[in-house]
Amino acid sequence: MREDGDLRLRFAERLRELKDATGISVRDLEAASVRTPRRRAGQPPLRLKRGTIAGMLSTTRPVCPEREHVEVFVDTCLRKAAESRRSLPGELGEPAAWDRAYDDLLVRRSGPPPAAPARRVPEALAAAKEVLADLVEQQWRTEARLRSLDDPGPMPVRWRLTGDGRLLDHPDNLTPRTAPLTVSSDDVPALARRLRGMRRRRLVILGGPGSGKTTLAVQLLRELLATRHEHDDEPVPVLLPAADWDPGTFPLLQDWLTARLARDYPALRATEPGARAPAALAGRGHILPILDGLDELPEAARTAVIAALNRSLGDGDQLVVTARTSAYREAVDGAADVITSATVIEPDPLEPSVAAAYLRRCLPARAGPLWERVLAGLAGGPPGPLAEVTATPLGLWLLRAVFIAPNADPAVLLDRFPDASALRAHLFDRLVPALIDARPPGAHPGELFRPRRRRDPEEVRRTLTTLARHLTHPRGPDGSPRTRDLAWWRLARDTGAVTPAIRLAMGFAVALTITACSTISTSILSGSGAGGLMYGLLFGVAAGGVVAPAARAWPGQQPGYADLRGRGRRPGPAFLPARGLALGLAAGVAMVLMMGFTVGFGAAAYLAGAVSALTVGLAYGFASGLAAWAEAPTRDGRAGSPQASWRADRTLNLVRAATIGGTAALTSGLTAGSAAAYTDTPRFGLAVGLSYAVTFGLTAALVAGRHHAWMAFVIATGTGRIPRGLMPFLDDAHRLGLLRAVGPMYQFRHAELQDHLAGPG
């Protein structure tokens with residue numbers, strides 16, 4: 001793989017040398033390429049897009065360009081050089097020499113492009129791919145069951161190639177015979193075969209609100225996973241919310257994929273490549289990213305994502321994107337470009353007869369006369385609100401959830417709603433109580449469709465409304481909701497829960513605790529309450545002054561990971577001497593200095609320093625080993641769901657507090673207490689040791705580490721900024737079908753449900 005990259009880099013450097021010698025810019029090269037005659041008679045003009053040119057010239061991640069692109073690139077440069085009467089040195093001006101160089105560097109010596117099916121994958125990386133594929137498959141098998149995607153079967157939505165030519169790439173860049181592409185959501189294997197048959201596997205799924213874009217993407221993901229072993233070295237499809245990608249922070253798609261894989265699938269770190277596994281999988285084309293909800297980004301960000309995708313995609317890179325049609329059209333217009341070589345499909349509205357047939361499949365065999373009247377009116381009656389609502393998968397799902405699942409009386413559907421919006425609003429209003437009635441609580445872990453406890457419908461609606469308004473308002477400049485992603489670790493930041501007053505109160509509480517412990521222990525053990533009060537105030541103010549500023553960063557931190565299960569792990573906790581040695585030496589030096597300035601630099605001071613170094617070094621070495629063992633994920637680690645992510649970060653915070661805080665308390669208490677006992681009395685030494693233990697143990701437990709998302713979340717719930725018991729509530733809402741899980745984040749089951757609950761801003 002490295003040799004192939006070196007060969008592509010050498011060829012990219014030669015192309016860059018030709019461009020520089022010609023004196024042409026990338027913009028001018030793009031514009032001039034469409035006017036360059038093709039070498040083979042009858043071939044239409046080929047425009048080299050800026051993204052394609054950038055990939056050909058890249059000195060960091062060069063692509064393996066297609067021969068026709070190289071031909072147009074070279075011929076355009078030669079034509080422009082001739083027009084400006086520039087002489088090109090050596091073989092730069094000889095087309096035959098470029099043909100030989102292409103064959104020598106990119107065909108004969110390096111073989112097929114890296115994305116070709118025949119490439120060999122290192123055994124360790126192949127094993128990491130299998131771990132990821134298993135994690136993704138389990139994640140979406142559970143989610144598909146919760147969304148009832150296969151019960152009784154997929155909705156029969158027909159998808160066709162878009163008729164808007166502005167959204168499609170040049171025909172030469174698309175797979176031949178794409179035009180008759182027509183597939184159906186109830187025959188996803190056919191769509192998977194069409195995708196695999198594309199010269200470049202890139203698909204954009206467009207549609208209006210509630211048209212089934214995400215559902216089709218999930219179905220495609222599951223089909224590709226189920227059949228991937230029938231095809232050599234296929235990438236692993238991973239569905240990710242497009243709104244989470246900030247091209248300003250991650251200019252290349254592969255960089256963002258690396259960060260998301262590391263966060264969402266920590267079990268990858270348990271494979272042989274270790275922490276390098278996400279970057280290796282993303283950077284070498286082993287991931288098929290399915291970016292869901294491009295329309296959920298602000299308009300300017302959508303344009304940036306289009307440009308970033310074209311910068312990032314090499315010849316063999318694959319991609320699936322979902323978006324609302326209008327938002328994608330605006331993004332394409334803003335970027336003045338489309339996603340290179342992407343096939344774009346859109347849905348046809350569901351015919352009333354098709355919708356009626358699907359609803360009949362969801363009903364019992366004997367549905368009753370009222371349902372027969374409803375279905376007959378839908379299938380054969382004049383167009384009306386019911387036909388308009390059921391023209392989308394969202395409307396069908398609402399009708400099924402509100403009337404069929406709880407076995408409700410459908411007589412209201414025979415009434416004449418004034419329009420489709422009134423009927424849709426009625427369905428949304430009845431959705432929460434209908435789902436609660438249809439799914440009573442269950443305690444068995446395998447009952448995915450049952451909440452853990454009985455919820456009051458009004459309370460559920462109020463909480464969901466609060467969350468919907470939080471996610472929606474303030475809206476973006478283009479009127480879009482602020483976000484669709486409900487990430488538990490962002491709630492403390494977004495609600496401003498950790499205020500300066502809260503941080504000041506935390507610092508005061510720490511100071512008060514330390515002062516009280518020091519005063520009480522000194523009074524009882526040595527009879528000198530005034531000395532304990534002085535010690536307590538000094539240490540308490542110092543510790544509070546450390547904790548309060550440190551808490552400011554907690555709401556912005558990402559969740560961490562810790563798993564205390566021993567199954568599937570590498571060897572257990574280990575002693576980490578390097579960490580222990582560093583801290584031990586620091587503690588020893590500090591003890592020598594403290595004793596030297598109080599009782600003199602004698603044998604006692606150096607002995608105390610040696611004892612301190614040994615005690616601190618051993619304790620911290622074992623504590624660090626235990627913490628590292630807890631943070632090392634297992635192959636069975638499941639931090640991909642919101643609940644698992646929350647529990648994993650909670651475990652990390654508690655383990656870190658117990659190990660690091662306990663170590664700090666033990667070592668500081670022993671060393672300071674021993675020194676005080678040596679210079680005074682054992683009782684005074686015990687009092688001093690307790691004061692030091694509380695001070696340093698409490699401070700270290702609160703400020704150590706880089707992941708405090710759970711602690712910020714606890715503060716937010718404790719101060720009432722977010723509802724108490726939110727995580728169990730979100731889990732029940734997910735089980736009821738009101739929310740969906742995408743990795744470690746929740747979203748409303750349908751964006752329209754969020755918009756309905758949020759109301760106007």
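- Within the 4.5 Å cutoff, the side chain of Leu257 has no heavy atoms near those of the Arg260 side chain.
- Residues Val354 and Arg158 fail the side-chain proximity criterion, which asks for heavy atoms closer than 4.5 Å.
- A distance of 11.0 Å separates CE of Met198 from OG of Ser341, quoted to the nearest 0.5 Å.
- To the nearest 0.5 Å, the span separating CG on Asn173 from OG1 on Thr343 amounts to 11.0 Å.
- Partners of Arg16 by salt bridge (charged side-chain N to carboxylate O under 4.0 Å, His left out), not counting sequence neighbours: none found.
- Here His734 contributes atom NE2 and Arg740 contributes atom CZ; the two are 10.0 Å apart, rounded to the nearest 0.5 Å.
- Side-chain contact between Glu143 and Val218 is absent, with no heavy-atom pair separated by less than 4.5 Å.
- Rounding to the nearest 0.5 Å gives a distance of 11.0 Å between CD of Glu223 and CG of Leu195.
- No option in Thr340, Asp317, Asp315 other than Asp315 meets the side chain to side chain donor-acceptor pair (under 3.5 Å) test with Arg200.
- Between Asp28 and Ser25, the side chains place a donor N or O and an acceptor N or O closer than 3.5 Å (distance only, hydrogens not considered).
- For Glu752 and Arg324, the salt-bridge test passes: some basic side-chain N is under 4.0 Å from an acidic carboxylate O.
- Looking only at atom types and distance, the side chain of Glu346 has a donor-acceptor partner in the side chain of Thr325 under 3.5 Å away.
- No side-chain heavy atom of Gln139 sits less than 4.5 Å from a side-chain heavy atom of Ser641.
- For the side chain to side chain donor-acceptor pair (under 3.5 Å) with Glu234, the lone residue among Arg201, Arg228, His286 that qualifies is Arg201.
- Cation-pi check for Arg14 over Trp98 is met; the charged atom lies under 6.0 angstrom from the ring centroid and within 45 degrees of its normal.
- Other residues, nucleotides and ligands contribute over 12 non-hydrogen atoms within 6.0 Å of the CZ atom of Arg147.
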Original post:
Stepwise, does the salt bridge (charged side-chain N to carboxylate O under 4.0 Å, His left out) test hold for Lys49 with Glu30?
Top reply: CA-CA 6 Å; Lys49 297 184 178 178; Glu30 177 191 30; over 6 Å; no
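- In this structure, Tyr746 OH and Gln643 CD are separated by 4.0 Å, a value rounded to the nearest 0.5 Å.
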**OP:** Show the numbers, then the answer: is there a salt bridge (charged side-chain N to carboxylate O under 4.0 Å, His left out) between Asp169 and Arg202?
**Re:** CA-CA 11 Å; Asp169 200 359; Arg202 299 174 189 172; over 6 Å; no
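- Contact annotation: the side chain of Met56 never approaches that of Phe11 to less than 4.5 Å [non-hydrogen atoms, C-beta and beyond].
- Panel note: side chain Ser312, backbone Leu253; a donor-acceptor pair is recorded below 3.5 Å.
- In summary, of the residues considered (Val320, Thr322, Val238, Leu309), a side-chain contact (heavy atoms from CB on, under 4.5 Å) with Leu291 occurs for Leu309 alone.
- Rounded to the nearest 0.5 angstrom, Leu15 CG and Ile53 CD1 are separated by 10.5 Å.
- Among the candidates Asp244, Asp755, Asp292, Asp295, the single residue satisfying the salt bridge (Lys or Arg N to Asp or Glu O under 4.0 Å) test with Arg484 is Asp755.
- For the residue pair Asp186 and Ser184, a side-chain donor N or O sits within less than 3.5 Å of a side-chain acceptor on the partner.
- Side-chain contact between Trp256 and Leu240 is present, with at least one heavy-atom pair separated by less than 4.5 Å.
- For CD of Glu17, the number of neighbouring non-hydrogen atoms (other residues, nucleotides, ligands) closer than 6.0 Å is 12 at most.
- Phe748 is listed as a side-chain neighbour of Leu471, based on a closest heavy-atom distance under 4.5 Å.
- For the residue pair Thr76 / Thr36, a side-chain donor-acceptor distance below 3.5 Å is found, with atom types taken as modelled.
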